[in-house]
Amino acid sequence: MHRPIHGTVHGKTIELDEDLGLVDGQEVAVRVEAIGRLQTWGDGILRSAGGWADYAGLDAVFKQIEQERKLERNEAKSG
């Protein structure tokens, strides 16, 4: 059986909008395709928070970026 069925995700569970007509316990293959966006502005940044927490050299990278920006500003002022 191949037919599109809509449902709603709740954690690791997908609640389907209709009965599949399959026996309870039947194994199935599932292909999931997101429909539309239910996210609000800023959700992406909240999900990514802490993504660099274990990056050991992050402070050095930001310090280098800061120094490069200072140089570019100084060059722009004098040029």
Side-chain angles (χ1 to χ4, degrees):
M1 162 176 62
H2 288 113
R3 64 184 172 114
I5 306 248
H6 292 159
T8 306
V9 174
H10 302 282
K12 290 176 63 175
T13 302
I14 299 175
E15 180 182 354
L16 301 177
D17 293 345
E18 61 185 87
D19 188 323
L20 297 177
L22 298 173
V23 178
D24 188 31
Q26 173 71 47
E27 284 191 36
V28 296
V30 178
R31 178 180 163 226
V32 176
E33 180 179 337
I35 301 173
R37 288 181 49 141
L38 291 177
Q39 301 172 353
T40 57
W41 189 91
D43 282 349
I45 197 74
L46 292 174
R47 282 195 314 277
S48 68
W52 290 85
D54 296 328
Y55 187 82
L58 190 59
D59 288 338
V61 169
F62 278 112
K63 188 150 191 91
Q64 181 180 353
I65 291 170
E66 182 182 8
Q67 290 172 349
E68 290 172 1
R69 286 183 178 172
K70 283 181 183 178
L71 284 173
E72 288 174 6
R73 283 191 297 254
N74 289 338
E75 288 173 0
K77 285 180 185 177
S78 64

Distance col, row K63:NZ vs E66:CD, nearest 0.5 angstrom, shows 6.0 Å
Residues clustered with I35, ILVMFWY side-chain links under 4.5 angstrom:
none
Going from NZ on K70 to CG on N74, what distance comes out if it is rounded to the nearest 0.5 angstrom?
9.0 Å
Nearest heavy-atom neighbours spanning D19 and L22:
OD1-N, 4.3 Å
Does R3 form a side-chain contact (heavy atoms from CB on, under 4.5 Å) with I5? I'd like the steps, not just the answer.
CA-CA 6 Å; R3 64 184 172 114; I5 306 248; 3.5 Å; yes
Counting only heavy atoms not in D17, do more than 12 sit closer than 6.0 Å to its CG atom?
yes
Do I45 and L58 sit in one hydrophobic cluster, given that two such residues count as connected whenever their side-chain heavy atoms are within less than 4.5 Å of each other, even indirectly?
no
Checking side-chain contact (heavy atoms from CB on, under 4.5 Å) for the pair E75/K77: CA distance, chi angles, key distance, verdict?
CA-CA 5 Å; E75 288 173 0; K77 285 180 185 177; over 6 Å; no
Is it possible for you to say whether L16 and V30 belong to one hydrophobic cluster, with membership spreading through side-chain heavy-atom contacts below 4.5 Å?
yes
Working to the nearest 0.5 angstrom, can you tell me the gap between F62 CZ and Y55 OH?
10.0 Å
